[in-house]
Novice: 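Pasting a structure here, questions to come.
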Amino acid sequence: MRKIKATIVFLVLILTVTACGIGGSDSQSLTVYSGRSEEFIGPFLADFETESGVTLNIRYGDSAELAAQILEEGENSPADIFISQDAGALGAVAQAGLLKKLPNELLSQVPATFRASSGQWVVLTGRARVFAYNPKTVTALPTSIDDLTDPSWSSKIGIAPTNASFQAFVTALRIIRGDEAAKNWLDKIVANSPKLFEKNSQIVEAIDAGQIQLGLVNHYYTWEVSKALGREINVVNGFFGPGDAGNLINVSGAGVFNTSKNQSLANKLIEYLLTEKTQKRFVSETHEYSVLPNVTSPASQPTLKEIGAPIVNLDSLKDLKQTQELLIKVGLL
Amino acid sequence: MIAIAAIPLLYLIKRGSEIDRASLTNLLLRDRTIEIYTTTILLASIVLLFSFIVGSTFAWLIHNVTLPFGSLPIILSVLPLAIPSYVLTYAWISIYPGFNGFWAAVLVLTLSTSPYVTLVAVASLRRIDFTQVEAGRSLGLSQLAVLRRVIWPQMRVSLSAGLLLVFLYVLSDFGAVSLLGVNTFTRNIYTMYRATFDRNGAAVISLALILLAMFIIALEFRLRGRRTVIKSNAGIVKTHIKISVGWLRWPLLTLIFTYALLALGVPFWVLTTRFIQNTESIDISSLISATFSTVIASFAGATLAMVFALPLGILLARRSGFIPKLAESSILLTHALPGVVIGLALVALSSKFPWIYQTLPVLAFAYALLFLAKAVGSIRASLQRIAPILHDVSETLGITGLAAFRRVTLPLAAPGILIGFLLVLLTAMKELPATLMLRPTGYETLATEIWAATSISKFNEAAPYALVLIIIAAIPTFILTRPDKSDSQAQSEGLIQ
């Protein structure tokens, strides 16, 4: 009984202390909801804090779950800025009218393909869809995703159908070729009995281990897996021909909330993330593509121009519903 | 109290009612939904059956047979409670890369849920007074008849409550089914949020899940029956004598060891090798602060759960009728919902109050709400087996109101309070989805750190956090396996003579 009483007293104390600690946001602080993981964005945000003297309260989460949370919060959101790992989550929040149009001088820093048509959010970094392959066993490289439907690839390919990046690629395929043709391609791929994975990194590991020869992934996983395994791996990236849907560029981006009381400060953070200095660090440290035309591509990778990514409106990548229904229909989900 | 438990339900009804009729029928009647219904029911029923077999066999062995190594068998069969299902699943996938699909999920979920059955079965076996068994035998009943007429009626209530928890656990589990690609309701709900940000559709699917849970809860109410066995005294007059089985005890022990190998050995092996392989240096300060955050938040959640659970448990043990049943059902229904739904319901409600939104009290409240069923169940079980007449007798002796509560009810409920507290503590430590949404900004727990590392495939970096989580979760689990001393205590305190 005494223990229970002591526990209650202890609890009340904790609650009071935390309640006092929170609240009272001064003007020199920003609340950031980040769907990008701390590993990839944390160091950059920390540098912004030191350089600007602004305190950032950063809440890390899954981009889509954060979007659902933001939609629930609506006008009451304590967040000033939303950084997302993909276009879809930002698009959903923008569509709900929760993001403010960014100032033109900020938007004009990036090419038109790297901002929402509404101007409510802007791209921070890009990652290319590639085919990762084992250079020892794969000699004739595919030039189009259609080459992969050839029976010679049977049981040699790895894909991750539940992964958001793969689903974005299928969405792009639907937009470029139409639903019927997209289904046709997926059916043929399924007939080639691909190995299914949950994560991109597992595909790259499987190529390295010789279980499969080629996989559809994002370009930076060759670095990630090599680093995680602590050695060189037997996997390199390849690109399809220019304009092929398999070369889609997925993006991370950021937008500022309508309800934010610190919008100019939030704009400053986005501006910082778009400076040439920060963008160069994104390229060298996270191996992603910069949105600035004059910043070079990640080591030994072709430039965005050379890749010739398909032109897909970022806003159209928002709704994955039909894509998922298609994937269910062909038996991949 | 009912109002508190009804928050998520009201939220779902509000969201669900915003959907238009056409997409509603499309959503509910398409083949896919029926397929999901079937998968979910099959998965939960098979896991229920297996964990009943494993749990009750182990409980019988532990209680009735002289096994070597003292309390090691019970510790090994209950300790898997400390391992989050996502960690267990991940470990299995990493030692056996083709591990996937329905039967893989059956295995993982059976391994993680059978401790619930073992725990309640052992506890109720321990409470059985051996004089009743002897009386039955002396009146000419066979062994089997004693089992059926004396032992089973006393175990039925808590065993069926334990099995219900198993069923609801499977309904709301996300970690195992998502990694293994089994399309249950919970996985479907997550996919809807992730792919289409369709909160209304997800609410409708959640309500369908609720419907299924309601049916199961009603079934359990029937199975439990109206008659409960009560005793005239709170103590155990005579404890039973264990059977000595000679060399047979070794193969029997092997059963428990095999289970422990699958449920504990596999995750420990994988985490330890990952831990050793980890090339990045461990951030000790974040490890320590995440440990403290986990302990503080789950402790606060468990305490709050007990504050809500005590009056409810007393109500449910004393009265039957519509209101208590309604209260119990709504608590149980909440338990069937995936964490993301409870999380969003509380986001919708608490974000209206900026001074409390994303603070520790709201997180603690979320834990209390999510796991209230565990707390209420154990309090009710410990009160229900005592004659209500005790309370009446105390009143005739002039002990009334608060004094009666303090001197009669509370001591009797104490073991239930402790068990409930520990169960909530244990589960709250592992909770992820609601924690991600409701924790104070910047407040990282072990579960969120594990998530942060695994979400970008840094499994090696997640290993130290997972190991610490298992180690601290093992502490309440150890306490849970200790014999229930309260019976003899209650007697020695001279409550009943």
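Here is how names work: the chains are called A, B, and so on, in the same order as the sequence lines, proteins then strands, and each is numbered from 1. Being a predicted model, the structure only gives us computed values, none of them experimental.
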Novice: Write down the atom of B/Leu436, the atom of A/Tyr60, and the distance for their closest heavy-atom approach.
Specialist: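 Heavy atoms of B/Leu436 and A/Tyr60 come nearest at CD2-O, 4.1 Å.
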Novice: Given a strict heavy-atom distance threshold of 4.5 Å, which part of B/Thr191 is in contact with chain A: side chain, backbone, both, or neither?
Specialist: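 Interface part for B/Thr191: both.
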Novice: Check whether A/Asp62 gets within reach of chain B through its side chain, its backbone, both or neither, counting any heavy atom under 4.5 Å.
Specialist: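 It is both, since atoms from each part get that close.
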Novice: Please flag which part of A/Gln211 lies under 4.5 Å from any non-hydrogen atom of chain B: side chain, backbone, both or neither.
Specialist: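 No part of it gets close to chain B.
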Novice: Please say whether more than 12 non-hydrogen atoms of neighbouring residues, nucleotides or ligands are located less than 6.0 Å from CD in A/Glu232.
Specialist: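 Open: at most 12 neighbouring heavy atoms sit under 6.0 Å from CD of A/Glu232.
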Novice: Any chance you could lay out the side chain to side chain contact (heavy atoms under 4.5 Å, CB included) test for B/Met192 and A/Gln324, step after step, and finish with the verdict?
Specialist: CA-CA 10 Å; B/Met192 290 186 88; A/Gln324 292 206 334; over 6 Å; no
Novice: Is it the side chain or the backbone of A/Thr162 that comes within 4.5 Å of chain B heavy atoms, both, or neither?
Specialist: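 A/Thr162 touches chain B through side-chain heavy atoms alone.
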Novice: As an exercise, state the distance from CD of B/Glu449 to CD of A/Glu38, rounded to the nearest 0.5 Å.
Specialist: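 Between atom CD of B/Glu449 and atom CD of A/Glu38 there are 7.0 Å.
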Novice: At a heavy-atom separation under 4.5 Å, does B/Leu363 approach chain A through its side chain, its backbone, both, or neither?
Specialist: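 For B/Leu363, there is no contact with chain A at all, as no heavy atom is under 4.5 Å.
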Novice: Is B/Tyr190 close to chain A through its backbone or its side chain, or both, or neither, when contacts mean heavy atoms under 4.5 Å?
Specialist: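 When you check distances to chain A, only side chain atoms of B/Tyr190 fall under 4.5 Å.
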Novice: Examine whether an atom of A/Leu71 lies under 4.5 Å from a heavy atom of chain B, and if so say whether it belongs to the side chain, the backbone or both; otherwise answer neither.
Specialist: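 Both backbone and side chain.
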Novice: Measuring from atom CG of A/Asn76 to atom OG of B/Ser350, what distance do you get when rounded to the nearest 0.5 angstrom?
Specialist: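 Atom-to-atom, A/Asn76:CG and B/Ser350:OG are 9.5 Å apart.
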Novice: Let's test your reading of the structure: which of B/Arg439, B/Glu461, B/Met306, B/Lys352 forms the most heavy-atom pairs below 4.5 Å with chain A?
Specialist: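 Counting heavy-atom pairs under 4.5 Å, the top option is B/Arg439.
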Novice: With a 4.5 angstrom heavy-atom cut-off, which part of A/Leu196 approaches chain B: side chain, backbone, both or neither?
Specialist: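 Nothing of A/Leu196, per the 4.5 Å heavy-atom cut-off to chain B.
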Novice: Against chain B, work out which of A/Tyr33, A/Tyr221, A/Phe197 has the most heavy-atom pairs shorter than 4.5 Å and name it.
Specialist: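 So the answer, after comparing A/Tyr33, A/Tyr221, A/Phe197, is A/Tyr33.
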Novice: Let me know if A/Ala89 has heavy atoms under 4.5 Å from chain B in its side chain, its backbone, both or neither.
Specialist: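 Both backbone and side chain.
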Novice: With distance as the sole test, does A/Lys199 use its side chain to make a donor-acceptor pair with the main-chain N or O of B/Thr454 at under 3.5 Å?
Specialist: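 A pair under 3.5 Å: yes.
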Novice: Name all residues meeting the ring-ring contact (aromatic ring centres under 6.0 Å, His included) criterion together with B/Tyr86; count only those two or more places apart in sequence or in a different chain, and write none if there are none.
Specialist: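 Counting only residues at least two positions away or on another chain, B/Tyr86 forms no ring-ring contact (aromatic ring centres under 6.0 Å, His included).
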Novice: Please answer whether the main-chain N or O of A/Gln69 pairs with a side-chain N or O of B/Arg199 as donor and acceptor at a distance below 3.5 Å.
Specialist: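 Answer holds: no.
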Novice: Using only atom types and a distance under 3.5 Å, with no angle test, would you say the side chain of A/Glu72 pairs donor to acceptor with the backbone of B/Ala348?
Specialist: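 Such a contact is absent between A/Glu72 side chain and B/Ala348 backbone.
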Novice: Which region of B/Arg187, side chain (C-beta onward) or backbone (N, CA, C, O), has a non-hydrogen atom less than 4.5 Å from a non-hydrogen atom of chain A, or is it both or neither?
Specialist: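 Answer is side chain: those atoms of B/Arg187 sit under 4.5 Å from chain A.
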Novice: At their closest point, which heavy atom of A/Arg59 faces which heavy atom of B/Met437, and how far apart are they?
Specialist: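 Residues A/Arg59 and B/Met437, closest heavy atoms: NH2-O, 2.6 Å.
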